[in-house]
Amino acid sequence: MIALDLKTKNQLQVAGFVLIKCIPGYEKRVFSRLKVMGNEIEIDRVNLSYDILIKVLSKTHEEFREKIKEIRKIPNIMTSTILYANYRQ
């Protein structure tokens with residue numbers, strides 16, 4: 001399986017999902033901050049134990065780790081859980 005950045009058509013080799021739980025009342029602010037982070041992530045709101053589901057795509061493991069660090073620095077995030085997948089062939 002190969003993942004592609006749909007805007008640039010570059011091959012991506014690392015992917016994962018991040019589940020975010022926000023401080024109550026700050027979900028929209030966190031979602032807005034995530035939306036401007038670039039085309040390497042896809043964001044959806046969920047209504048379960050978590051508030052936001054993010055799919056992170058990157059070319060290398062290091063880029064993946066840096067994107068996760070950037071996400072975790074956003075204010076008003078209570079917890080984040082990473083589900084990691086590797087698309088490398």
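Starting from 1, each residue takes its place in the sequence as its number.
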Inset, instruction - State yes or no: do Ile20 and Ile68 share one hydrophobic cluster built from I, L, V, M, F, W and Y residues joined by side-chain heavy-atom distances below 4.5 Å, directly or via other members? - result: yes

Inset, instruction - Find out if a path of hydrophobic residues (ILVMFWY) with successive side-chain heavy-atom gaps under 4.5 Å connects Tyr50 to Met78. - result: no

Inset, instruction - Working to the nearest 0.5 Å, report the span between CD1 of Ile71 and CD1 of Ile43. - result: 8.0 Å

Inset, instruction - Starting at CZ of Phe31, measure out to CD1 of Ile54 and round the result to the nearest 0.5 Å. - result: 9.0 Å

Inset, instruction - State, yes or no, whether a side-chain contact exists between Ile82 and Phe17 at a heavy-atom distance under 4.5 Å. - result: no

Legend entry - Straight-line distance of Glu66 CD to Glu62 CD, nearest 0.5 Å: 5.0 Å

Inset, instruction - Can you see which heavy atom on Leu57 is nearest to which on Glu42, and at what distance? - result: CD1-OE2, 4.3 Å

Inset, instruction - Treating Ile, Leu, Val, Met, Phe, Trp and Tyr as nodes and any side-chain heavy-atom pair under 4.5 angstrom as an edge, say whether Val56 and Ile74 lie in one connected cluster. - result: yes

Legend entry - Lys67 side-chain N/O to Met37 backbone N/O, donor-acceptor pair under 3.5 Å: yes

Inset, instruction - Step through the shown structure and confirm whether more than 12 heavy atoms of other residues, nucleotides or ligands are within 6.0 Å of CZ on Arg29. - result: no

Legend entry - is_close_aromatic(Tyr84, Phe64), centroid dist under 6.0 Å: yes

Inset, instruction - Mind listing the closest non-hydrogen atom pair of Pro75 and Val30 along with its distance? - result: O-CG2, 3.5 Å

Inset, instruction - Take atom OH of Tyr26 as the centre, draw a 6.0 Å sphere, and report whether it contains more than 12 heavy atoms from other residues, nucleotides or ligands. - result: no

Inset, instruction - Supply the atom-to-atom distance Lys21 NZ to Ile52 CD1, rounded to the nearest 0.5 angstrom. - result: 10.5 Å

Legend entry - Euclidean distance, Ile23 CD1 relative to Asp51 CG, rounded to 0.5 Å: 11.0 Å

Inset, instruction - Using modelled atom types only, decide if a donor and an acceptor are shared between the side chain of Glu63 and the backbone of His61 within a distance under 3.5 Å. - result: no

Inset, instruction - Rounded to the nearest 0.5 Å, what's the gap from CZ on Arg45 to CG on Leu53? Could you check? - result: 12.5 Å

Legend entry - Any Lys59 side-chain heavy atom under 4.5 Å of Gln13 side chain: no

Legend entry - Pair Lys73 + Glu70, salt bridge at N-O below 4.0 Å: no

